[in-house]
Amino acid sequence: MAGQVVQMDYTVIGNVSKGFNTAHETLDAVAKILEAAVQILRAAAFFSMGTTLALANYLDVIKQKVEKLSKACVYFSQNLARAIGDHQKGDVEGKHYFEGELDL
């Protein structure tokens with residue numbers, strides 16, 4: 001590996017990492033709103049003869065997908081931040097940042 005140069009634009013990668021973190025925070029807020037909507041619809045299901053229950057179940061599936069996407073954003077944000085830190089310290093030994101752990 002002699003003679004190989006590994007370069008990284010810290011600002012750009014840092015902004016991408018922050019973008020993933022912002023997306024995570026936004027998705028978490030959306031998941032909380034969906035959870036509240038699901039609970040309200042489930043409570044109202046008795047009066048609507050099942051119509052709102054079907055909608056609640058539909059929104060619950062969307063909420064689960066949003067939560068998984070939020071976890072993916074955290075995963076990418078943290079791995080990018082670790083990659084920046086390791087690169088700044090001179091550790092360029094080919095770390096495996098984006099392997100395993102992400103369970104979607």
Side-chain angles (χ1 to χ4, degrees):
M1 293 248 166
Q4 196 174 38
V5 177
V6 178
Q7 295 180 344
M8 180 185 294
D9 187 334
Y10 300 131
T11 304
V12 171
I13 302 300
N15 287 339
V16 171
S17 176
K18 289 176 187 172
F20 276 116
N21 193 52
T22 300
H24 152 70
E25 291 170 355
T26 302
L27 289 167
D28 273 357
V30 169
K32 288 177 183 173
I33 292 167
L34 285 169
E35 178 62 29
V38 166
Q39 295 303 321
I40 291 168
L41 288 169
R42 286 195 174 139
F46 178 74
F47 301 107
S48 68
M49 294 184 231
T51 305
T52 56
L53 182 59
L55 182 57
N57 291 337
Y58 178 73
L59 290 180
D60 193 46
V61 170
I62 293 172
K63 180 187 71 95
Q64 291 171 17
K65 302 290 184 188
V66 166
E67 288 171 341
K68 286 182 179 182
L69 187 56
S70 176
K71 288 178 185 177
C73 289
V74 168
Y75 174 81
F76 286 118
S77 176
Q78 290 173 348
N79 277 288
L80 287 169
R82 280 184 27 224
I84 291 170
D86 286 346
H87 191 271
Q88 287 174 329
K89 290 185 273 184
D91 184 359
V92 291
E93 294 298 318
K95 301 276 185 169
H96 300 283
Y97 298 104
F98 299 98
E99 293 180 350
E101 301 177 29
L102 184 60
D103 181 30
L104 296 177

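Atoms considered below: every heavy atom in the structure, side chains included; atoms not considered: hydrogens, waters and symmetry mates.
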**Request:** Show your reasoning for whether side-chain contact (heavy atoms from CB on, under 4.5 Å) applies to N79 and R82.
**Result:** CA-CA 5 Å; N79 277 288; R82 280 184 27 224; 3.1 Å; yes

**Audit row: H87, I13, side-chain contact (heavy atoms from CB on, under 4.5 Å) steps and yes/no** = CA-CA 11 Å; H87 191 271; I13 302 300; over 6 Å; no

**Message:** Assess the residue pair L27 and E67 against the criterion (side-chain contact (heavy atoms from CB on, under 4.5 Å)); give the C-alpha distance rounded to whole Å, side-chain angles, the decisive distance to 0.1 Å, and a yes or no.
**Reply:** CA-CA 7 Å; L27 289 167; E67 288 171 341; over 6 Å; no

Using every non-hydrogen atom in the two residues, find where [X] and [Y] come nearest and quote the distance to one decimal.
| X | Y | result |
| --- | --- | --- |
| L59 | A37 | CD1-CB, 4.1 Å |
| V38 | A56 | CG2-O, 3.5 Å |
| A45 | L53 | CB-CB, 3.7 Å |

Please answer: with hydrophobic residues joined when any side-chain heavy atoms are less than 4.5 Å apart, are [X] and [Y] in the same cluster?
| X | Y | result |
| --- | --- | --- |
| L69 | V74 | no |
| L41 | I62 | yes |
| V30 | I40 | no |

**Asked** Does any N or O in the side chain of S77 come within less than 3.5 Å of the main-chain N or O of S17, such that one atom is a donor and the other an acceptor?
**Response**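 Yes, the answer is positive, given that a donor and an acceptor are paired below the 3.5 Å cut-off.
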
**Message:** Determine whether a donor-acceptor pair (N or O, by modelled atom type, separation under 3.5 Å) exists between the side chain of S70 and the backbone of V66.
**Reply:**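 No, because the side chain of S70 does not come within donor-acceptor range (under 3.5 Å) of the backbone of V66.
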
**Item:** salt bridge (Lys or Arg N to Asp or Glu O under 4.0 Å) pairs, two or more places apart, involving residues 21-35
**Value:**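 Of all non-adjacent pairs touching residues 21-35, those that pass salt bridge (Lys or Arg N to Asp or Glu O under 4.0 Å) are E35-K63.
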
**Asked** If you count the non-hydrogen atoms of other residues, nucleotides and ligands that lie under 6.0 Å from OH in Y58, is the total more than 12?
**Response**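 Check fails, neighbour count at 12 or below.
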
**Item:** Qualifying residue for side chain to side chain contact (heavy atoms under 4.5 Å, CB included) with V16, from T11, L80, N21
**Value:**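 The single option meeting the side chain to side chain contact (heavy atoms under 4.5 Å, CB included) with V16 is L80.
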
